[in-house]
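Worth saying up front: this structure is predicted, and the values here are computed from it rather than measured. In the text below, chain A, chain B and the rest are named by the order of the sequence lines, each starting its count at 1.
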Protein chains: 2
Amino acid sequence: MNVTHLECANCRKKHDAGTLQNLCTECEKPLLVRYDLEKAAKSFAKDSLLSRKSSLWRYRQILPLENKENRVSFGEGWTPLLHADKLAATLPIKINLFIKDEGQNPTQSFKARGMSTAVSMAKEFGVKKLAVPSAGNAAGAMAAYAARAGMEAHIFMPADTPRANIVECEQTGAFVTLIDGLITDCGKIVAERKEEEGWFDVSTLKEPYRVEGKKTMGYELAEQVSGKLQFADSSKDKLKFAGHLSLPDVILYPTGGGTGLIGMWKAFDEMEQMGWIGSKRPRMVSVQSETCAPIVRAFHAGERFAAEFENATTVASGLRVPKAIGDFLILEALRESHGTAIAVADDELIQAVGEIGAAEGIFCAPEGAACLPALRKLIANDFVKEDENVVIFNTGSGVKYLEAFS
Amino acid sequence: MNVTHLECANCRKKHDAGTLQNLCTECEKPLLVRYDLEKAAKSFAKDSLLSRKSSLWRYRQILPLENKENRVSFGEGWTPLLHADKLAATLPIKINLFIKDEGQNPTQSFKARGMSTAVSMAKEFGVKKLAVPSAGNAAGAMAAYAARAGMEAHIFMPADTPRANIVECEQTGAFVTLIDGLITDCGKIVAERKEEEGWFDVSTLKEPYRVEGKKTMGYELAEQVSGKLQFADSSKDKLKFAGHLSLPDVILYPTGGGTGLIGMWKAFDEMEQMGWIGSKRPRMVSVQSETCAPIVRAFHAGERFAAEFENATTVASGLRVPKAIGDFLILEALRESHGTAIAVADDELIQAVGEIGAAEGIFCAPEGAACLPALRKLIANDFVKEDENVVIFNTGSGVKYLEAFS
């Protein structure tokens, strides 16, 4: 275990990693796990990855869990990075396009990653009851991991969340409450009731461990992009890493709470400190819906925080997050990376599901599909250039969004 | 490439493996791929698996594809074998219970395996248009792999197939026709129209390659059971195989067309010929619905073939196969393995979805969940005994069966 402490992402106050924590006790902002990365690097040669298990726990040296017995896992992570050549051929310039298919995770979304680490840590701390507000997929993931851990799951979702999310929670034994409101309203209920009910609040970034699971998307990208770029046409089953790992030039990430993007940005920093990558970073792009675009608005206004987006609505339910507690971390990553933030219309992103599906056979979540019209705009305004390596994140499977397809 | 020829599973007539084939030209029964397993064993040491890619293509030496460029893949296979201790604790005797979670495949079912190999081989043979009758999940998989291969997909499904299957096909660009009938009626339409339309018929076991993809479930079981039994409490990331690989004592497999079971039985035979396992076999159990149980009926009547089941109906859409072309192969495997066949009621299997979900957090397909009430009956009648290692196959994710949950 290489964890040294928890640190507030805003005021930098240190907190004890040996105690169950939610937000910073000083400023009510998210806590991040810090590691002794020099020590970690010694026991964690990147070439050792070539024979490790195909789950995010392959990165256990930079994950917070101490006792393996507390690992709550369905084999999440290590999702494929798929070439999207036929889709790329529909674009006006030639780029190397990849789709990171998070829909292949347990519970069909990237939310499984964060819940695996968060529920494992809750188990390590002896927690028995979990509560979470969710726009949909986090609920399904939390219900599954809580059941596997033998904990109670208390879930609060908007009443118009896709039915797949409601059914998966019910069938994995969660207590589901549907709310006439948005995820922010659900979060308020959890905050109000948690003390009396004895719930641990696993709202994203309101506990320190979901982001640790999600950061593994960044580690995987480095491993997989390195493999793809060096050995795309080789028949070798075994990859060998020559020198530093590679990262793509541009990452398009559909952004609701933004924890995946924040996590990847943290991963890149950790990898550099361990000597796995150099100082070069991908340009990070937040993709949102025009009808719920708080990050896009704040990015272009030059704000440090993003104000709540009024009357938020979008068929991409995971993007329906009008106010994200990690807003300042998302905005920092976009700016430091020389990235950007961009919004697309709901009819564009729904149409993109069918375009990606027909071209590549991947049935994307509407959130993931939003990256395609965003990419087209970024090519049109010369943000993405010829021959660049571009990764779009499909954060989940489209099969959970049947209501979006008439 | 270690393929020698194709062989009729019924009359043993040899067919050319270098030509696109459907059924045996002599007796209209399924063709199986045969390999030079002595040669294969020389280039395929089982310990080499410990650093191979996490997809079914890790077994490429005993798969039929010649040119890797024709591989059509989303990273299918290498699904987790999950301990189900809490579920096991609800049983009247102590057994080691595992769930092989095929719902984590691309397109959320084991059908991805067979379609990856079948569509890859179709690509190798230059096919441009595929057609398939399906009870649901095969359709979704075929549509996805055809799109990725750049082929046309023509799909025929019962009109009351779960909506998830219809939508996934549409969103991945397939031509979908809904039929007022069963999968057997859909199969007749494909057979009638395929010549005129120029379609290659990828009905299960009516071409030789889907079963090759599905057999990898048997190879994976051997690897994974060996790992679990030897290293369940170890913190080693690397498994080492000491001597022969292990297999479970009993396998419960929900049986529609039965190709998965046939494929695993073939895999065990191949592994023995390669010296990977000994002669001991798991007892194979076909699980069906009481309202569509042709194999159960034929098994207990001592028949070689299974007559068509009249008025077939079940909420477990993948089990709604009233007549399987591989019936005699399923029945052979059950008998040779000293296994059995057992039917459960629809209300039992639907209730089991929630039981497994609450105990283990796995949202099973109704087909997979059917194995739980079947297991309880097999314990009651002393077929499954104390301390045995039992694997139940969850063939897909429950998230595609929303209609089954009111």
- Message: Please classify the contact between B:Ala149 and chain A as side chain, backbone, both or neither, with a heavy-atom cut-off of under 4.5 Å.
- Response: backbone
- Atom of A:Arg163, atom of B:Leu402 and distance for their closest heavy-atom approach: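 Shortest heavy-atom separation between A:Arg163 and B:Leu402 comes out as NH1-O, 3.4 Å.
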If you round to the nearest 0.5 Å, how far is [atom2] of [Y] from [atom1] of [X]?
X	Y	atom1	atom2	result
B:Arg52	A:Ser54	CZ	OG	15.0 Å
A:Phe74	B:Ile99	CZ	CD1	9.5 Å
B:Gln104	A:Gln108	CD	CD	8.5 Å

- Query: Can you tell which of A:Glu168, A:Lys400, A:Glu355, A:Arg148 has the highest number of heavy-atom pairs within less than 4.5 Å of chain B?
  - Reply: A:Arg148
- Task: Just give me the residue among A:Ala84, A:Gly75, A:Ala144, A:Gly140 that pairs up with chain B most often, heavy atom to heavy atom, under 4.5 Å.
- Result: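 Heavy-atom pairs under 4.5 Å are most numerous for A:Ala144.
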Under 4.5 Å between any side-chain heavy atoms of [X] and [Y], yes or no?
X	Y	value
B:Ile356	A:Gln171	no
B:Val167	A:Val399	no
A:Glu170	B:Phe405	no

- Count the heavy-atom pairs under 4.5 Å between each of B:Ser73, B:Pro106, B:Ser55 and chain A, then report the option with the highest count. B:Pro106
- Could you please state which residues from residues 358-368 of chain B sit under 4.5 angstrom from chain A, measuring non-hydrogen atom to non-hydrogen atom, sorted by number, or 'none'?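 The stretch touches chain A at B:Ala358, B:Ala359, B:Glu360, B:Gly361, B:Ile362, B:Phe363.
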- Task: Using modelled atom types only, decide if a donor and an acceptor are shared between the side chain of A:Lys86 and the backbone of B:Ala147 within a distance under 3.5 Å.
- Result: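 It does hold such a pair.
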- Task: Inspect the surroundings of CD in A:Gln351 and state if more than 12 heavy atoms from other residues, nucleotides or ligands are less than 6.0 Å away.
- Result: no
